[in-house]
Undergrad: 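Next up is a structure, given as structure tokens.
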Amino acid sequence: GVVAVCGIEPKTPDEPLSAAAESTISSLIEQTAIAIDRSMLVGESVKAAALEENEKLRTILLSALSHDLRTPLTSITGAVTSLRELGEKLPPEDRKDLLLSIEEEAGRLSRFIANMLDMSRIESGAVAPRSDLVDVAEVIRNVLERAKRTFPGKDTSISIAPDLPPIRGDANLLGQVLFNLIDNAHKYGGPAGAIIHARREGGDVLITVSDEGPGVKAADLERIFEKFYRSGRVDGRKAGTGLGLSICRGLVKAMGGAITAQSPAVRRRGTRIIMRFPVASRPKQEAAA
Ligand SMILES: Nc1ncnc2c1ncn2[C@@H]1O[C@H](COP(=O)(O)OP(=O)(O)OP(=O)(O)O)[C@@H](O)[C@H]1O
Ligand SMILES: [Mg+2]
């Protein structure tokens, strides 16, 4: 179709254009047409490249998704079949094991689905985090309670500097990030448990989650934040989905903060995940949410 129309307003409308003027104008128009053509072509090939990238990502996502959904489903179906067919005849210990594996695998599935949803919300830009005044100490104390309930056998502790200033962000999202980090500390860290520190450093509030596990190799300190990056658990059990930390980074960035990993962290062992958020500049009239 028509892309552009060019009009000319001559100084002397009654006289015809001179041959020289006409040829100058038409060559100008031609050049312009070529430039427009070119830029449209470039635009289209950029779009095509982006679509291709998207397509690649979608393929990776789909294969990871189907793999990660299928594995736990197979375990659940297998366990349910055994219980239904042999339930009465099985020793109580085996029945307990089967029920436990159903519970664990169902938990994995639901975490995975929650992670996928978070991921797509971050990527579509639909997570527009709130910009409330957040009382970091209160968020940490709430997360601690949740962690104690979720990981009953594990030791989770906190150490919060007094008069910690508020940050701007979303208390729920910050809680979600911290919970993911505690989950990792317990999954990959040693039996020493997880400790959360919070203090002010210059114009930032620093929040760290540390463990005394085997740590992360120097070469992997950035990679662990990549989507789907994961390595096996020390105890040989299945690792998670590899999405937790990439979601954490997405959420922290969306709230104006930064998140990095440090290892070794404690006594030449362990991992420390460090988050920095700028101290909330000037409290507006809204209450801390
Ligand atoms: N505290 C830690 N100590 C040692 N390794 C860690 C620690 N936290 C994360 N990792 C490594 O980084 C990888 C990525 O972590 P991430 O939280 O993104 O995924 P995940 O825990 O495997 O799965 P998900 O959190 O989605 O259930 C983990 O598989 C693990 O290898
Ligand atoms: Mg994790």
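Predicted model, so just to flag it, every value in this text is computed and none were measured. Atoms within a ligand are numbered from 1 in the order they appear, just like the ligands themselves.
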Undergrad: Taking only residues two or more places apart in sequence, or in another chain, which ones meet H197 in a ring-ring contact (aromatic ring centres under 6.0 Å, His included)?
TA: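 Applying ring-ring contact (aromatic ring centres under 6.0 Å, His included) to H197 gives none.
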
Undergrad: Hey, is D204 close enough to R200 for a salt bridge, meaning N to O under 4.0 Å?
TA: no

Undergrad: Does an N or O from G242, backbone or side chain, lie closer than 3.5 Å to an N or O of ligand 1?
TA: yes

Undergrad: Has ligand 1 got any nitrogen or oxygen that is less than 3.5 angstrom from a nitrogen or oxygen of Y188?
TA: yes

Undergrad: Check each atom of ligand 1 against the heavy atoms of D211 and keep those under 4.0 Å away; list them by number with element.
TA: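 In order of number, 1 (N), 2 (C), 3 (N).
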
Undergrad: Would you confirm whether R276, through its side chain, and G257, through its main-chain N or O, come within 3.5 Å as a donor-acceptor pair?
TA: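 Between the backbone of G257 and the side chain of R276 there is no qualifying donor-acceptor contact (under 3.5 Å).
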
Undergrad: State the atoms of ligand 1, each with its element, that fall below the 4.0 Å cut-off from a heavy-atom position in I224.
TA: 11 (C), 12 (O), 14 (C), 18 (O)

Undergrad: At under 4.0 Å between heavy atoms, which part of D220 makes contact with ligand 1: side chain, backbone, both or neither?
TA: neither

Undergrad: Side-chain contact test, heavy atoms from C-beta onward, threshold under 4.5 Å: evaluate it for R146 versus N142 and give yes or no.
TA: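 No, their side chains stay 4.5 Å or more apart.
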
Undergrad: Under 3.5 Å between any N/O of G215 and any N/O of ligand 1: does that happen in this structure?
TA: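 N/O-N/O distance under 3.5 Å: no.
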
Undergrad: Any N or O on A185 sitting closer than 3.5 Å to an N or O of ligand 1?
TA: no

Undergrad: Out of V216, N184, I247, L181, whose heavy atom is nearest to atom 5 (N) of ligand 1?
TA: V216

Undergrad: Work out how many protein N, O or S atoms lie closer to the Mg ion (ligand 2) than 2.8 Å.
TA: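 If we list every protein N, O or S atom nearer than 2.8 Å to the Mg ion (ligand 2), we get 1.
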
Undergrad: May I ask you to decide whether R141 forms a salt bridge with E138, counting only side-chain N to carboxylate O separations under 4.0 Å?
TA: no

Undergrad: Is the shortest heavy-atom distance from the side chain of R168 to the side chain of L133 under 4.5 Å?
TA: yes

Undergrad: Pairs of nitrogen or oxygen atoms closer than 3.5 Å, one from T271 and one from ligand 1: do any exist?
TA: yes

Undergrad: State whether the shortest distance between N or O atoms of S246 and N or O atoms of ligand 1 falls below 3.5 angstrom.
TA: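 So ligand 1 has no N or O lying under 3.5 Å from an N or O of S246.
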
Undergrad: Check whether D132 reaches the backbone of V134 with its side chain - one donor and one acceptor, N or O, closer than 3.5 Å.
TA: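 No; zero donor-acceptor contacts below 3.5 Å.
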
Undergrad: Please determine if E103 and K96 form a salt bridge, counting it only when a charged side-chain N lies under 4.0 Å from a carboxylate O.
TA: no

Undergrad: Is D183 in polar range of ligand 1, meaning some N or O pair under 3.5 Å apart?
TA: no

Undergrad: Which other residues belong to the hydrophobic cluster containing I8, where Ile, Leu, Val, Met, Phe, Trp and Tyr are joined when side-chain heavy atoms lie under 4.5 Å apart, directly or via other members?
TA: L17, I25, I29

Undergrad: Do L245 and ligand 1 have an N or O pair less than 3.5 Å apart?
TA: yes

Undergrad: Would you list the pairs meeting ring pair (Phe, Tyr, Trp, His ring centres under 6.0 Å) in which at least one residue belongs to residues 142-178, sequence neighbours left out?
TA: F151-F179, F151-H186

Undergrad: Out of all atoms in ligand 1, which are within 4.0 Å of some heavy atom of Y229? Include the element for each.
TA: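 Listed by number with element: 13 (C), 14 (C).
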
Undergrad: Are V279 and L174 connected into the same hydrophobic cluster when the rule is that any two of I, L, V, M, F, W, Y join if their side-chain heavy atoms are below 4.5 Å apart?
TA: yes

Undergrad: Output yes when E93 and R95 qualify as a salt bridge under the 4.0 Å nitrogen-oxygen rule, no when they do not.
TA: no

